[in-house]
Amino acid sequence: MQGAEILLQPGVFPRLLQGLWVTVWIAGVSVGLSIPVGLLTGWLMTLNNRVVKVIMRVYLDFIRIMPQLALLFLAYYGFARWFDWNLDATGACVLVFVLWGGAELGDLVRGALVSIPEVQFESSYVLGLNAWQTFSRVILPQALRRLLPASVNLATRIVKTTSLAVLLGVVEVIKVGQQIIDANRFQYPSGTLWIYGVIFFMYFIVCWPLSIVARRLEKRWAND
Amino acid sequence: MFDWSFVHRYAPFFVNGTLMTLFISIFGILLAIAVGLVCAGIELARIPVARQIVRVYIELSRNTPLLVQLYFLYFGLPKLGIVWSAEACAIIGLGFLGGSYMAEAMRGGLEAVPEVQRETAYVLGLSPMQSISRVVLPQAISTAVPGIVANVIFLIKESSVVSAIALADVMYMAKDLIGMYYSTYESLFLLVVSYLVILLPISIAGTWLERRFDYARR
Amino acid sequence: ACGPSAGTPSDAAADDSSANSSSEANATARTLDEIKESGKIKIAVFSDKAPFGYVDQDGKYQGYDVYFAERLAKDLGVEPEYTSVDPAARVDVLTSNKVDLVLANFTVTDERKEKVDFAKPYMKVALGVVSPESAPITDVSQLDGKTLIIAKGTTAETWFEKNAPNVNLQKYDQYADAYNALLDGRGDAFSTDNTEVLAWAKSNPGFTVGITHLGDDDTIAPAVQKGNKELLDWVNEEIDKLGEENFFHKDYEETLQPVYGDEVDPDEIVVEGGNV
Amino acid sequence: MTEQPALSVSNLTKQYANADHPVLDDISFTVPKGKVFVVVGPSGSGKSTLLRTIAGLEPIQGGTIALDGEVIETGRPDSAKAGRSRRSSALRTRIGMVFQSYDLFPNKTVLGNITLAPTLVQKRDRAEAEREAVKLLERVGLADRKDAWPHELSGGQRQRVAICRALILHPEVLLFDEVTAALDPEMVREVLDVMLGLAKSGQTMMIVTHEMNFARAIADHVILLDGGHIVEESDDAHAFFTNPNTERAQQFLRTFEFE
Amino acid sequence: MTEQPALSVSNLTKQYANADHPVLDDISFTVPKGKVFVVVGPSGSGKSTLLRTIAGLEPIQGGTIALDGEVIETGRPDSAKAGRSRRSSALRTRIGMVFQSYDLFPNKTVLGNITLAPTLVQKRDRAEAEREAVKLLERVGLADRKDAWPHELSGGQRQRVAICRALILHPEVLLFDEVTAALDPEMVREVLDVMLGLAKSGQTMMIVTHEMNFARAIADHVILLDGGHIVEESDDAHAFFTNPNTERAQQFLRTFEFE
Ligand SMILES: Nc1ncnc2c1ncn2[C@@H]1O[C@H](COP(=O)(O)OP(=O)(O)OP(=O)(O)O)[C@@H](O)[C@H]1O
Ligand SMILES: Nc1ncnc2c1ncn2[C@@H]1O[C@H](COP(=O)(O)OP(=O)(O)OP(=O)(O)O)[C@@H](O)[C@H]1O
Ligand SMILES: [Mg+2]
Ligand SMILES: [Mg+2]
């Protein structure tokens, strides 16, 4: 295949990897921050307070119905002006992914909490455990177990969605790829094919193990 | 600050953008459903080699972003002499991405039909075709519908990235107006409204559809 | 910028100290003093518009705009920190104070003047249209009913939207995408600044600039946030000062000459001391 | 000369793929017409498997199964991995089966469940099939639920509908596999009462059950299955349940007694 | 003078929120120390509700519940919508309960399940608690499964572990709510055998069951509940089960007999 040599050019692969690192960094930070946000929203969603319920509903539905790209635009262009926030593109990405990841994770947390059978609370009560002991020793460990596979899947989705960062001008793996394509246009006219091909597989190599882990966890804990 | 006359003037742009978004989404979703059916069929029938290919396809499709898939199709493939129009790339991209999600929803539906249902159909004398059309499929659909509806919404949302390959969808309009007239507020407002107009009814219809097919509650 | 950066590897390490952009809770521009204090000036440039602003094979920003930016930073006694922008984002990076200065082939227009403050020009342009040699476009009327490739947020977009309603515009976010589209035959021609298309056609055999001068002669200038008079004045002074040493001709020789060769008269492009 | 038996099983051997010994080992018995044949035995003894082979849901590796004197299944040693038997639709309708798990089609109403096979397989007239369905529903006390959906019924009601669905095909033999195991006691009673009624009406039945009181009351013939063998066989249900011959049977029945 | 009863319930009235009449209406009885008190009755008669009010899982609207002479629960008419009773941890450990549905904590091993409450609530030494746990597991025949996870156990094994988990707290009264209803017959037997053993060892127990043979064998005292009332009460289980006094009880017991 002609043109593949572009990949062997000095600096090409290291730069792509550097771009990939930006992608992974954004995804990693977003996932990390989504966890506390998700736990909090999940807990809020189980509360029986009407106001909280409505607020959480609107938050969840809005985040879910808007395309992530639209949310990114809202955060990048809108927030900076409305709230006088100075978010750079990377910051906007992290903010959106945390709000989005937090909402999705929150719904998972809520689902996991309500799916714990009532008899688990009742056995704990009869055995004399207090509310905190019941939550920390019985309910939470079970909820986390139910939560983990779906959360790993969510992480995969966040990694994939970081690709949109390029459309805000973040210099991540796709943008680096475009720069390389541009800089090598004359020597390697078909570089586009190879660079985008490599980026395609880079995403695959980051996401695939996560998918496998999620599936394993799901299978392993299916019958518990 | 907020310029209503701008909103008024450029709303028609967003109507066109909405139509483009719908056009791409509808064909992309139809393709995804077709791909999903074929894949689910192959997996359930356990056709040897095809099954492995389906596996590889599903992993590739699920673990890569649509944007990169589109760049590859739109800018990459021409270097091999394959030039597809932006519309074709977008529809194929959505179909490629959505196919694996649809396949999973459909397979889940088929697998959720308990074996005893097929056995009962057998004992009652139903032919394999009758068993599939009268017993298995209707039940499979009822379990698959929520997943399929979720995928439809997911794919419409994903279609927002087709603006990157110069398709004039809703997202494209917003970026274009921001770039030309620096009317950020108004454009973002129209953007949000357009997506609400597209997705809210579908979301509500989806809920209705799920209820409609929920006769399988046991 | 928060987070790591892949565009300017040399800057990545220094980034840790500069989480300031997102912690600073307002969108008003930084003063000259604040810039000096931070040791960095944030400049928006193109990363895919050779030879004006691009990233070379080593991952370094290069080009006519960047050459100027380096000098500005040097004279201010700070390090430049580049942000890669798409054409359409150039106004917003300023209004939302994501950068201090835009040096991204920013053509001065009336609409833009309402949103940002332009300093004195350092380049002049008109629009040009590049097309395949096999089907050259030499007049705008030839484009009727045809597809013209455009980068979003450029003056070319505005001009064609206003003056050529019968042309189908195919718009891309990024120059790189637009060029690729032209190469793959997705449109009949591509229009942007004539300086740009001339340079590109030179290095892309099979393409010709059939229209070299379209619309008004425009100027290209640095831009700062509206009202940031202090920085604006300083940049203007710099341009005056640099004019005296014929800086922009030097810039041309370093960055544009290798591309244009001798066919183009530098004075058709370069503006010294802000005097058109 | 005795009458032809409804069902006769000879030297039946069944081994699941990947298993190291047969689940059913050289089993023979006959089910006379109009009689109730009860199979009891500990969990895992092969009771369900026996019914499933007779229904054609599992291939057999040895022996034969004959319905009304006609051999409908012959063992093939290499069939362990084969799927269901390739019986004709008409043949399948001659043996009815009711399962432990609720097996009504959730996408059809009560009437739809019952009339599906007669109209589709036997090509009977819909109106006629519905008339018979309603008669059957009356017999099991559910005539007023004919338009209900399965999920609207209690477990006991569902099992009674499942019985009607099997009966409408006029099967020569009706197989029941622990049809009350998943039911609450009250519902157990309503289903068992329907089965007692069937027995009285002369329906040939093969019943797997853990309800010993019920088995004693309904059985004309009992076998005790254990480890794939018939351990004890009796024509006298009362004698079997009060005073079995074998040690194994005594031991098995003791699990249902206290003190 | 008779001994203090382990548990005494007086005029207990329970009404669920939104219900138009009480589930338990003015119920009184006493459970003597060391005796087995069996509650039978048709589905929906309030048996589970009765045990749940005693365990503190449901508020009561009238009457009192006393444990070893001390009143632990007093009815409040406005409490229908209140949650569980606010009993102290220590008080709760004095009444044990085993549920119908498997209620082991799936995130803990067998030993972890049993030692959780003694170490956490009673602050007992872990090693000592584990020693006792192993002794209890030996008693129910599961010493070798002490490190297994709940999902690795059969239904019968899980229920036996649940019994150990309740026993380790040395409850004064142990409540069983149809603990064998979801089990296969073999497993039913292994669980009931454990309960018979407990009865012999003098554990005070209140048992709701549908196994009449078992009830007859284990009961010191029986009540038949119907529609929230005690319809018949007897100190002589044998007499109650063979020849009850009331028409309602005769009718109820007939549902378990066949001809
Ligand atoms: N599909 C199968 N593949 C392999 N082995 C099986 C299969 N089905 C059942 N078995 C095994 O065959 C043996 C008999 O099972 P069967 O279900 O016939 O017993 P059963 O007498 O009906 O028990 P139960 O009273 O629990 O219903 C068991 O050891 C079981 O594990
Ligand atoms: N949480 C609840 N809210 C409202 N009503 C309830 C609730 N729990 C039970 N009931 C009703 O109270 C009545 C008694 O229920 P309970 O579960 O105590 O009966 P039971 O005798 O245990 O029946 P079973 O033998 O089926 O277990 C029933 O009519 C039931 O519908
Ligand atoms: Mg069985
Ligand atoms: Mg109950």
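Reckoned from all heavy atoms, side chains included, excluding hydrogens, waters and symmetry mates. Lettering follows sequence order; numbering is per chain, from 1. Note that this is a predicted model, so its numbers are computed, not measured.
For a residue to count as touching a neighbouring chain, one of its non-hydrogen atoms must lie under 4.5 Å from one of that chain's; by this rule S85(D) touches chain B with backbone and side chain alike. For a residue to count as touching a neighbouring chain, one of its non-hydrogen atoms must lie under 4.5 Å from one of that chain's; by this rule F99(D) touches chain B with the side chain only.
Under the rule for a salt bridge (charged side-chain N to carboxylate O under 4.0 Å, His left out), the partners of R94(D) that lie at least two apart in sequence or sit in another chain are E70(D), E172(D). Remark: F72(B) pairs with L193(A), Y196(A), L77(B) by the side chain to side chain contact (heavy atoms under 4.5 Å, CB included) rule, at least two apart or across chains. Applying the side chain to side chain contact (heavy atoms under 4.5 Å, CB included) criterion to T18(B), with sequence neighbours excluded, gives L22(B), V170(B), S194(B), I198(B).
Around CG of N18(D), the count of heavy atoms belonging to other residues, nucleotides or ligands within 6.0 Å does not exceed 12. For Y57(B), the OH atom is densely surrounded, since the number of other residues' heavy atoms within 6.0 Å is greater than 12. The neighbour count for K157(B) NZ, taken as heavy atoms of other residues, nucleotides or ligands under 6.0 Å away, is above 12.
The candidate from S88(D), S89(D), A55(D) with the greatest count of non-hydrogen atom pairs under 4.5 Å with chain B is S89(D).
Under the 3.5 Å distance criterion, the side-chain polar atoms of D103(D) are left unmatched by any main-chain donor or acceptor of P114(B).
Note that the CD1 atom of I95(D) and the CG atom of L124(B) stand 12.5 Å from one another [nearest 0.5 Å]. Note that OG1 of T120(B) and CG of L116(D) are 11.0 Å apart. Values are rounded to the nearest 0.5 Å.
Of residues 121-128 of chain D, those residues lying under 4.5 Å from chain B by any heavy-atom pair are V121(D), K123(D).
Q117(B) places a side-chain heavy atom less than 4.5 Å from the side chain of P106(D). M97(D) has its side chain out of reach of E119(B): every pair of non-hydrogen atoms, C-beta onward, lies at least 4.5 Å apart.
Contact between Y122(B) and R86(D) at its shortest, heavy atoms only, is OH-N, 4.4 Å.
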